[in-house]
Amino acid sequence: MKNTNPPPPRPSAGGKPPAAMVPPRKSRWGPPPPGAAGAAPTGDKAAPSTSARTPTPTHPADSRRHPAPPAPAPHASRNPASPAAALRPPPQAEIPPPPPYDFHNLDRRTMLLADGTVRTYFALPPDYPFEPAPLPPLPHHLLPRAGPDLWPPHQPPPPQMPMPMTMQMPPHEAKRKHPADQDDGFPRHPKQPRLDAPPHRPPQPSPHAAVDRHALRRAFLKYAKMLNESSAQKRSYLEGGRVPCLACGRSSKDFADAHGLVMHAYNPPNADSLVDHLGLHKALCVLMGWNYTKVPENSKGYQSLPANLVRESREDLIVWPPTVVIHNTATGRKKDGRFEGLGNKDMDKKMTELGFSGGKSKSLYGKEGHLGLTLIKFANNTAGLKEAERLAEFLERQDHGRIGWSRVCATHSIDSDQNPLLVEMDTRTGERMRILYGYLAIASDLDELDSDSRKRAFLKSRRELDLSD
């Protein structure tokens, strides 16, 4: 009797199910199962059929079950008005390679030097293309990002809200008008004062500008005489030691030298003594040979003055009444050893013989007798000054003036009776005569006068002669 229910077939040794037991495929779009009809055998290495990869046209009923995926939108269809599109970097352009630059691109040139030699050098040709390569675009993370204060392109900013009437400033009454239109103008708000800037003040005049010139000239002449009437005091100023202030009486301990005194005199601490200090400043500068018209500074630039201007400023101060100093008026020694010389009457006679009148002679004497010095004083007016200048010019033309006397003083070691610069022979009588040297007395000659003449004398400026002083 046959079994109506046969047992299920056993799997083969290769593990593959029989063809009758291959399950059917679930989708008609997928590839056929390996055991389906028409499939290539496993051992065949040929390329699979193209019919299995080519989809079969579907019916409308199938498109509802399996809709096609959406196609990507092209780049040109993007919204150009979006901020991201405006800030998106453009596609990178292809950078051209740089022009060739090597030794074979150089030209060999020669240059002739001044010494005749020839030098060789290399340089680029004149037509070398110096075209700069375009810069690469900035990376995306370095580009500016859109913020709340950046407006998208092609969109105007939102309209501003009008200011409330309570916040608007009222127009100022003053109007700035155009010169061509006298009636119309535009309102202008008043300027607010700056709190940090000091108020504008007109420049204050210098205190020196308000000084009386007449009083300043008198103070200058006064202190010029005080500086020159004592040889010891004049030497202390010229040698650069400690000096006192003659205007306020401060001691020499306060000033190390004449420069410190000049700085003090030009800028005195007390305004009441400004005239006296300025007069002392000018007199001290004339004595030292400095420029009193220049403001004294710590750099000491005012101390540079040409020698001719120094001489002119010193010779401008003359002794008043006009006085001519005559040297070499001693005639010899007496038996007691004292010097003797030309007296007042003999000197007046000598001046008359030379053709000069109006002067009064005064011989100076010391402990040893005649000093060999005679003063000839003229009238204290313009006529007396002219006569004194004429006598001084007469002696200067004979080389017997101030410079000639300085030359004689350099030969003081020679005996005065044998010195040809001091003694000469008279051609008519054959007697030995003294050669007279003289010059117009100035401020620096005050220490040569006697005490009485020095006390009665004054100083005058020849350029600014004022007889009323």
Side-chain angles (χ1 to χ4, degrees), residues 228-232 234-235 238-239 287 289 307-308 310-312 314-319 322-334 337-344 346-356 359 361-378 387-450 453-454 457:
N228 289 275
E229 62 185 358
S230 174
S231 58
K234 180 170 61 175
R235 192 182 309 111
L238 294 175
E239 291 178 355
L287 174 65
N308 58 335
V310 173
R311 184 178 64 256
E312 290 178 3
R314 290 176 177 174
E315 293 180 356
D316 179 66
L317 297 178
I318 60 175
V319 176
T323 304
V324 177
V325 181
I326 304 296
H327 289 275
N328 195 29
T329 57
T331 57
R333 289 180 178 268
K334 297 181 180 181
R338 293 173 60 87
F339 288 96
E340 60 179 358
L342 298 176
N344 298 337
D346 296 337
M347 198 64 196
D348 290 341
K349 182 180 178 181
K350 184 71 174 179
M351 290 293 104
T352 304
E353 295 176 357
L354 295 175
F356 300 97
S361 303
K362 182 179 182 180
S363 301
L364 302 185
Y365 294 86
K367 295 181 180 180
E368 297 182 0
H370 200 286
L371 297 178
L373 185 65
T374 303
L375 305 179
I376 302 179
K377 299 180 181 180
F378 293 85
E387 191 70 11
E389 291 177 345
R390 193 168 69 89
L391 175 59
E393 292 174 359
F394 168 77
L395 297 174
E396 185 68 31
R397 286 194 301 267
Q398 296 180 354
D399 198 14
H400 296 163
R402 187 182 296 272
I403 300 177
W405 179 245
S406 300
R407 190 183 305 111
V408 172
C409 293
T411 61
H412 62 279
S413 59
I414 305 177
D415 187 8
S416 59
D417 295 336
Q418 304 297 330
N419 192 345
L421 298 177
L422 297 176
V423 180
E424 64 179 358
M425 296 294 296
D426 190 359
T427 56
R428 294 183 303 171
T429 60
E431 298 180 358
R432 304 175 64 87
M433 299 179 56
R434 289 281 175 171
I435 301 176
L436 302 181
Y437 292 83
Y439 45 83
L440 185 66
I442 59 177
S444 58
D445 302 326
L446 282 174
D447 54 346
E448 297 182 0
L449 307 183
D450 62 301
S453 299
R454 191 185 309 120

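Heads up: numbering here begins at 1 and tracks the sequence.
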Please test Ile442 against Arg402 for side chain to side chain contact (heavy atoms under 4.5 Å, CB included), starting from the C-alpha separation and ending with a verdict. CA-CA 11 Å; Ile442 59 177; Arg402 187 182 296 272; 3.8 Å; yes
What's the separation between atom OG in Ser363 and atom CG in Asp346, rounded to the nearest 0.5 Å? 8.5 Å
Is the backbone of Asp348 close enough, under 3.5 Å, to the side chain of Thr352 for a donor and an acceptor to pair up by distance? yes
Glu353 CD: over 12 foreign heavy atoms closer than 6.0 Å: yes
Heavy-atom closest pair (Lys377 atom, Thr323 atom, distance to 0.1 Å) is CG-OG1, 3.9 Å
Report the relative orientation of the aromatic rings in Trp405 and Tyr437; use parallel for angles under 30°, tilted for 30 to 60°, perpendicular for over 60°. tilted
Heavy-atom distance under 4.5 Å between the side chains of Ile326 and Leu373, does that happen here? no
Derivation and outcome, side chain to side chain contact (heavy atoms under 4.5 Å, CB included), residues Arg235 and Ser231: CA-CA 6 Å; Arg235 192 182 309 111; Ser231 58; 4.2 Å; yes
Separation between OH (Tyr439) and CD1 (Ile403), nearest 0.5 Å, reads 12.0 Å
Quick check: closest heavy atoms across Ser361 and Thr374, and the distance to 0.1 Å? CB-CG2, 4.2 Å
May I ask you to check whether over 12 heavy atoms, not counting those of Leu354, lie within 6.0 Å of atom CG? yes
Spacing of His370 atom NE2 and Tyr365 atom OH [to the nearest 0.5 Å]: 4.0 Å
Shortest non-hydrogen separation from Arg434 to Asn328 and the atoms involved: NH1-OD1, 3.0 Å
CD of Glu396 to CG of Leu391, rounded to nearest 0.5 Å, is 11.5 Å
Side chain Thr329, main chain Gly372, donor-acceptor under 3.5 Å: yes
Is the closest basic N to carboxylate O distance between Glu387 and Arg390 below 4.0 Å? yes
Shortest non-hydrogen separation from Leu395 to Leu436 and the atoms involved: CD2-O, 4.1 Å
Any Leu287 side-chain heavy atom under 4.5 Å of Asn228 side chain: yes
Is any side-chain heavy atom of Leu375 closer than 4.5 Å to a side-chain heavy atom of Leu449? yes
Arg333 side-chain N/O to Glu340 backbone N/O, donor-acceptor pair under 3.5 Å: no
Phe378 CZ to Glu389 CD distance, which is reported to the nearest 0.5 Å: 10.5 Å
Residue pair Pro322 / Ala388: nearest heavy atoms and the distance that separates them: CB-CB, 3.8 Å
Measure from the ring center of Phe356 to the ring center of Phe394 and say whether it is less than 6.0 Å. yes
Rounded to the nearest 0.5 Å, the NZ atom of Lys367 sits from the CZ atom of Arg338 at a distance of 11.5 Å
So, Lys362 side chain and Asp450 main chain: donor-acceptor pair closer than 3.5 Å or not? no
Report yes if the side chains of Glu424 and Pro420 come closer than 4.5 Å at any heavy-atom pair, otherwise no. no
Go through the steps to decide whether Asp447 and Arg454 satisfy the test salt bridge (Lys or Arg N to Asp or Glu O under 4.0 Å), and finish with yes or no. CA-CA 8 Å; Asp447 54 346; Arg454 191 185 309 120; over 6 Å; no
Shortest non-hydrogen pair, Asp445 vs Leu440, comes out as OD2-O, 3.9 Å
